[in-house]
Structure formats: structure tokens, C-alpha cells
Amino acid sequence: MSSLEEPLGFDKLPSMNTMDRVQRFSSGCCRPQVDNLGMGNCFIEGRSCSTSNSCSEDNEGYTAETYPWKRQTRDMSRRDSFSQKTTIKGRNSMKFGIVDNSFYTSDYQYSQKPSNKDMQDMAYKVMKGMPEFVKIVEVGPRDGLQNEKNMVSTDVKIELIHRLASTGLSVIEATSFVSPKWVPQLADAKDVMKAVHNLGGIRLPVLTPNLKGFEAAIAAGAREVAVFASASESFSKSNINCSIEESLARYRAVTSAAKALSIPVRGYVSCVVGCPVEGSVSPSKVAYVAKELYDMGCFEISLGDTIGVGTPGTVVPMLLAVMAVVPTEKLAVHFHDTYGQSLSNILVSLQMGISAVDSSVAGLGGCPYAKGASGNVATEDVVYMLNGLGVKTNVDIEKLMSAGDFIGKHLGRPSGSKTAIALSRVTADSSKI
Amino acid sequence: MHKIVQRVRFFNRSSLLTHSHFDQSQLVSAFSNSVTMDQTRTVQFLHFREITNTRELRNAFDKYDKNVLSRCLNWTSRENDNHHAASYVVNHHFTADHNDRCRKEFSSKLLKNIPDFVKIVEVGARDGLQNEKVIVPTDVKTKLIKLLVSSGLSVVEATSFVSPKWVPQLADAKDVLAAIRDVEGASFPVLTPNLKGFEAAVAAGAKEVAVFPAASESFSKANLNCGIEDNLARCRDIASASRSLSIPVRGYISCVVGCPLEGKISPAKVAYVAKSLYEMGISEISLGDTIGVGTPGTVIPMLEAVLDVVPVDKLAVHFHDTYGQALSNILISLQMGISTVDSSVSGLGGCPYAKGATGNVATEDVVYMLNGLGVKTNVDLGKLMLAGDFICKHLGRASGSKAATALNKVTNNASKL
């Protein structure tokens with residue numbers, strides 16, 4: 001049996017047709033070089049491609065990233081274990097951003113065991129739905145600070161937003177026009193909004209619970225708003241003092257006023273997995289509320305696991321229910337890390353094709369239902385995972401960490417992000433990571 | 001562009017349905033045809049199919065591209081009759097009561113490969129405590145181990161026969177083993193770095209040992225004072241000595257994703273070490289992300305490389321939560337069929353390479369996720385939390401487990417969860 005150190009010779013290869021061999025051993029093989037990834041390979045796809053009625057349309061959209069995808073699929077359908085292996089190596093290298101040449105010269109033992117196919121099927125299946133770009137919606141200045149015990153001054157809030165804007169984040173939830181009686185931490189909403197509404201290149205949505213709040217937001221310069229319904233009747237009554245239907249009626253008023261002014265409206269659904277009052281929440285309820293928000297004109301629906309009790313076992317059925325009635329690209333996920341489950345929930349959501357994730361810098365924002373427990377997932381941790389997955393975010397993690405440091409200093413507490421803590425305390429020896 | 005990519009994926013996906021439970025050709029032709037049908041007929045057709053076989057349609061939602069479904073169900077026009085199809089499925093089949101049923105019924109490809117049972121290897125008493133600054137007395141260690149066993153954990157790593165010069169916290173290895181000699185219901189592997197340690201362990205009553213080579217040459221030299229090959233030679237000595245005594249040997253591989261000295265570690269190296277351990281008769285190989293830098297992007301290639309050479313039932317994963325990535329790495333490993341996970345009660349054990357950062361993933365968090373996935377562990381989360389409370393009180397610090405913290409502080413109203 002050849003050892004792992006011996007490269008596989010040509011004579012040991014399973015038989016392949018000429019086309020495959022040319023593909024496999026050309027210099028550009030398995031590497032994301034655009035010149036090698038020509039349209040010609042569409043013909044090699046064979047039947048799986050031609051069943052599409054819009055093959056020509058599909059070709060137009062090809063880029064270096066989509067191309068290896070197709071190669072992967074073709075190889076899987078042909079069940080050629082050798083080509084699967086090289087392609088998967090190559091595909092993983094490209095998809096996950098690890099363009100590491102050592103993989104190609106590495107000393108794999110290419111076995112022909114049938115179980116390898118299943119195993120590689122699995123690897124393929126768990127990663128294939130993943131989007132190439134994920135939009136991160138930063139909710140720290142609003143959802144984060146509103147749950148902090150310590151009040152933060154207006155200047156600090158404005159500075160935080162400025163710092164977050166410089167990290168590459170494209171959406172930063174700035175504040176909330178909810179009555180200061182309920183959320184005293186954000187009583188300075190007008191002032192914050194007036195100071196930041198002109199920040200170029202980023203969107204600054206604000207929460208608006210009703211028409212009055214909407215009008216105040218517009219007067220302060222807001223150009224995007226958000227509304228928030230609950231999937232649980234009891235939570236709706238205890239949190240916003242009205243039933244789900246009443247809240248939806250209020251939001252219809254907000255969305256029609258917003259439509260008249262061409263202001264986009266984002267919809268939040270809370271308690272999508274569990275409710276502190278009712279316990280488990282049925283996915284069909286979540287789908288109902290999500291659909292209502294979508295129908296009334298929300299451009300994006302953010303599904304929030306308000307108390308952080310979700311796990312992939314409950315998140316997947318919930319997402320399946322919602323994705324049946326709202327297109328996936330209109331959905332975002334907003335997981336809380338109260339039970340440490342948010343990153344695995346985010347991962348499974350990405351696997352299902354969700355491409356927008358809400359998070360909070362330094363994990364700002366505790367959980368009002370479990371005093372002392374954590375709340376929002378930390379943006380640094382999410383970006384770290386996405387970077388590792390090779391998913392683009394356009395967010396600079398170091399600048400993000402400095403924004404987190406800044407607000408942490410003001411709040412007088414350490415970061416809620418494990419990534420931020422690790423990266424700031426790592427010793428000199430570990431600098432190679 | 002995204003829509004185009006999705007459509008390509010859909011049509012490529014249709015050729016991948018080798019594991020489907022329904023008549024693939026029927027459904028494929030149904031959906032390909034529906035692309036050209038006019039919308040009313042589409043909805044009627046689907047509606048009819050729903051009534052006859054809603055499971056098919058649900059599988060279709062699950063397995064097919066949502067763009068095709070949106071054309072069939074006409075999301076954009078938002079007319080009531082077109083939504084009937086979706087609401088029928090939504091109202092009748094999505095419940096959250098039983099995670100087990102959910103997992104199987106929806107046959108979601110993301111969850112169906114996850115094993116039905118996952119063995120948790122508790123390393124808190126060894127890997128956890130050896131990294132604590134404060135030395136814990138023998139009776140506290142013994143009580144901790146007993147509490148852990150009573151929570152249902154079947155493997156509790158008890159201690160280590162590494163020289164006390166290197167690991168003073170575990171200098172009482174012999175005494176701990178003597179104290180737990182009569183505890184039943186679990187196995188208690190102990191670390192043995194070389195033959196001398198192995199003999200001391202056996203003399204002290206150990207019935208299972210563990211060895212720990214590294215996948216990184218520099219780390220091996222710096223941490224264990226010998227290169228990978230020398231280390232494997234020592235492992236071979238222990239493996240043959242233990243074979244004659246019928247003592248199982250577990251193998252840990254450290255730095256399977258990243259090394260504090262070398263940076264990225266090549267999966268081939270990890271596969272090489274894993275294969276060597278497997279060939280020398282090691283009963284289980286635990287792949288350790290020692291500095292916690294792994295993400296699914298690096299974990300999957302590493303697991304693929306190792307799964308090439310070692311059967312999946314011999315593998316375990318040992319992720320550190322230093323960057324908060326452990327649970328998502330564990331999830332992806334489960335999706336790839338791994339069914340043994342190492343963790344540490346209350347997240348005991350920091351990271352020696354990033355002072356103040358966390359280390360081991362907390363057992364409570366892992367059990368919480370596995371419970372939510374409907375995976376059996378035989379571990380009682382409440383009793384586990386008692387063990388965690390006990391040791392944290394003694395160490396004088398808060399639990400490193402978010403699930404334990406939340407469950408301890410949750411208000412009365414939230415008790416229905």
C-alpha cells in the first residue's frame with residue numbers, strides 16, 4: 001500500500017476520458033484562475049446542465065467562484081472518486097478562501113473505498129448552500145445599547161457609529177424611536193440621528209413602533225426604518241402591549257407612510273423559536289407573521305431568537321416554514337447567544353441559503369429574560385467564522401475590534417466577543433495564526 | 001447574479017438525488033414541466049399533488065431551489081389562491097414539539113446525517129484542571145469526577161501521568177485513581193506520555209490510557225520535547241504494552257487546524273498522524289483544535305483528509321472555544337458523521353497560548369445543542385450543571401458555560417423552555 005508520502009503516479013489513475021485528463025492536469029486545474037475557467041466547460045457538464053431551460057442565461061452569470069461549483073457537481077454525478085477528491089480539495093480551497101498550494105502537492109492516499117464518496121457527498125452537502133457574500137447588519141448601537149444597564153452618552157453613541165461605519169459594515173442600526181418611557185437608554189434618538197444621518201455609504205435603519213415614531217424618525221433625518229412583530233401572542237402583549245394583529249395593523253400604517261416617501265422598511269419577528277412566556281413557538285406562526293410583514297412591504301424580514309434557546313433542531317424547521325412563504329434572499333437571522341448556540345444556528349442558516357446576519361459589536365446587549373446572561377451574538381465572532389468559511393463580508397475585523405474596545409472601555413466591561421479577547425491577548429508566538 | 005447561480009445549483013442538484021425517498025423522476029419532471037405551465041395550472045397541479053402527497057412537496061421545498069418554487073407558487077403576485085398551497089403545507093406540517101420527529105420527518109439534508117447518539121468524553125477533570133492556575137485538592141477532584149459520572153457521562157478523563165514537573169496540578173494522579181477505583185458506570189482514561197508513565201498508570205489501577213502526538217513538528221518539539229516521529233514511536237511502545245494487558249488506548253492529535261508556531265497545518269499531516277495511530281491499534285483518535293482557530297472552512301478539509309484513512313467511528317473531535325467557534329465546528333463534524341465529542345464541564349481550562357482567553361468548549365453548551373438536535377447523549381443536563389456549579393464554587397469563578405449561566409439565571413417566566 002503506498003504511503004501518504006508517495007505522490008500518485010499516472011499509472012495508478014483510474015481510467016478517464018481525454019477531456020477529464022486535460023481538465024485535471026492542466027496548470028489551472030483546481031485553482032481559481034479565471035482564464036482557465038472558460039465557458040467551454042458548460043458543454044462538459046452534460047445533461048445536468050442542459051435540463052435547464054435557461055442555460056445561456058446561466059453562462060452570463062459565471063465568475064471564478066461559480067465555476068468550480070459546476071465542476072464539482074459534474075464530478076459528483078459521474079461518481080468518479082479520484083476526480084471527486086481533487087475537485088473537492090480544489091473546491092474547498094477556493095470556496096473557503098484557502099488557496100493553499102500545499103494541498104495540491106499533498107500526499108494523499110487516494111483510496112477507492114466507496115465510503116469515501118458518501119463522506120465527500122456529506123462535505124459537499126453541508127457546504128453547498130452557503131452564500132458567497134453575507135451582509136452583516138450591525139445592531140450594537142440599538143439592540144446592544146438598549147439592553148445595557150449603563151447609560152451611554154450621545155457623544156459616545158455617535159462615535160461608536162462612526163467607528164463602526166469605518167469597518168466596512170454597510171448597515172448599522174442607529175437608534176430607536178420607541179418612547180423613552182420604555183427604553184430610556186435611547187431617549188436621545190433624535191440627537192444621534194441628526195448627527196449621523198449624513199454618513200455616506202451606509203444605511204442607518206431606526207426602529208419605529210408606530211406612525212408617531214415614524215414621523216419623528218423622518219423629521220430627524222432617518223432614511224430607513226424597522227418594525228418589530230412577535231411570533232408569540234403573549235410576548236407581543238407583554239413586550240409591546242398589544243396583540244400580534246394590532247401590531248401588524250400599526251405597521252401597515254407605517255409601511256404605507258414609508259412607501260409614500262420611498263423609505264425602505266425592515267421587519268423583525270421576535271421569539272421565532274421560543275418565548276419566555278409560552279415556551280416553544282410553532283414555525284407556522286413565525287411563517288404567518290413573516291409573510292404578513294413581507295406582504296405589507298418590508299424589504300427584509302429578520303428572524304429573531306429573542307431568548308437564544310434555538311438549536312439547529314428547532315431553527316431548521318422554523319426556517320423551512322418561513323422560506324416556504326418568503327423568498328430566502330429577503331430573510332435575515334438574528335440569533336442571541338444566551339445559551340452559546342448562536343454561531344451554530346448561524347452556520348445552519350447559512351447552509352440553508354440565508355445571506356444576512358444580525359449581530360452586535362463586542363456582543364453588546366444582555367438578555368432581559370435571564371439577568372446576567374448574554375444576548376446578541378458578537379459581530380467579531382461572526383466575521384471570524386465567515387472569514388474562515390471564505391464568505392465575503394467586506395468587514396475589517398481589526399477595525400471592528402477597535403470599535404468594540406472603544407465601547408467596552410466606556411461601558412467599563414470586557415468584550416463579549418471571544419474572538420476579540422483571543423486576538424487581543426494572543427502571545428507573540430501565536431502571531432502566525 | 002445570485003438568482004442565476006441558484007438556478008444552476010437547482011438543476012445541478014436534480015442530478016444528485018441519489019438519496020431521495022420519493023420518485024425522483026416524477027418530481028423532477030413535475031417541476032421542469034411546471035416552469036412552462038401557466039400559473040393557474042401550476043398551482044392546481046401542485047395543490048393536487050399536495051393533497052395526494054404532501055411529503056413530496058415538503059421535500060421539494062427542502063431539496064429544490066426556492067426560485068423555482070416562487071415561480072410555481074407565484075410569490076410576487078400575492079394572490080390568495082396562489083398562497084393556499086404554501087399555507088397548506090405550512091399549517092399542517094411544521095410543528096416544533098418533537099425535535100426527533102422534526103429531524104427525521106423533514107429529512108433535511110443538513111440534519112439527517114447527524115448520528116442518533118453522540119458519546120461525550122468529559123475532559124474537565126484533566127484537560128480542564130491542568131490549565132487552572134490554582135491547584136485543586138484531591139478530594140475536590142474526586143468529588144467532581146463522581147458528580148460527573150452521576151450525570152450520565154460514560155467517559156471521564158480522570159488525570160494524567162505526565163511528570164509533575166510539567167503539570168503540577170495533576171501531581172496527585174495516583175491518589176485520584178485510587179479514590180475513584182470503585183466508581184462504576186464510566187471509564188476513566190488517563191494520559192500517559194511514555195512507557196514510564198504508562199507503567200505508573202497501570203500500577204495505580206488505570207484501565208484505559210491516552211497518548212497525545214501533535215500534527216505540528218514545532219509544537220511537538222516545544223510542547224513535548226520530541227518530534228512527531230519520536231512521539232509516534234513512544235505511542236507504539238505504549239500501544240504494544242497495552243495490547244498485552246488488554247488496555248484500550250485513546251489517541252489525541254493536537255494542532256489539527258492551526259499551530260501557535262507554524263500557523264496553518266496541512267490536513268495531510270493530520271491524516272498521516274491519524275493513520276499511524278490507527279495502524280498501531282489506537283481505539284479512538286481525538287482531533288484537537290488546540291488553539292481554537294478552526295472554522296468549518298478549515299475543519300472540513302481536515303476531517304475529509306482524516307476520514308480518508310480512518311473510519312468515522314474511530315474519530316472524536318476536541319474543539320477549543322477560544323474564538324467562540326467550537327459549537328459550529330462540532331455541528332459540522334456531526335454533519336459529517338462524527339459521533340464522539342470531547343468537552344469540559346463549565347468550560348474548565350483556559351488557553352495557554354492566549355492568556356485569559358477560554359479553552360475547552362463547555363459540556364453544558366454541547367449537551368444543550370445535542371438535546372436540541374434530538375441526539376441522545378444519556379447526559380442529564382441538570383446534574384451536569386450541579387457538577388459545574390460545584391467546581392466553579394471551589395475555583396471561585398463564574399461558569400464558562402453560557403447555557404449553564406442562562407439556565408441558572410433564567411426568570412420564573414421563562415421556565416417553560
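Just so it is clear: chains get the letters A, B, ... in the order the sequence lines come, proteins before strands, and each one is counted from 1. Below, each value reflects all heavy atoms present in this structure, side chains not excepted, and no hydrogens, waters or symmetry copies. Nothing here was measured: the structure is a model prediction, and the numbers come from that model.
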Does any heavy atom of chain B fall under 4.5 Å from the side chain of A:N345, the backbone, both, or neither of them?
neither
Counting only non-hydrogen atoms closer than 4.5 Å, does B:L331 touch chain A with its backbone (N, CA, C, O), its side chain (CB onward), both, or neither?
side chain
Side chain, backbone, both or neither: which part of A:L343 has a heavy atom under 4.5 Å from chain B?
both
A:S282 and A:S284: side-chain donor and acceptor closer than 3.5 Å?
yes
To the nearest 0.5 angstrom, please state how far the CD1 atom of B:I114 sits from the CG atom of B:L334.
5.5 Å
Please list, chain by chain and in numerical order, all residues satisfying side-chain hydrogen bond (donor to acceptor under 3.5 Å, both in side chains) with B:S216, sequence neighbours excluded.
B:E262
Need one label for B:D321: side chain, backbone, both or neither, based on atoms under 4.5 Å from any heavy atom in chain A.
both
Is B:S328 close to chain A through its backbone or its side chain, or both, or neither, when contacts mean heavy atoms under 4.5 Å?
both
Contacts of A:P414 that satisfy side-chain contact (heavy atoms from CB on, under 4.5 Å) - sequence neighbours left out
none
In terms of heavy-atom pairs under 4.5 Å with chain B, the winner among A:G340, A:G308, A:S344 is A:S344
Check: A:E278/A:S234 side-chain N/O donor and acceptor closer than 3.5 Å
yes
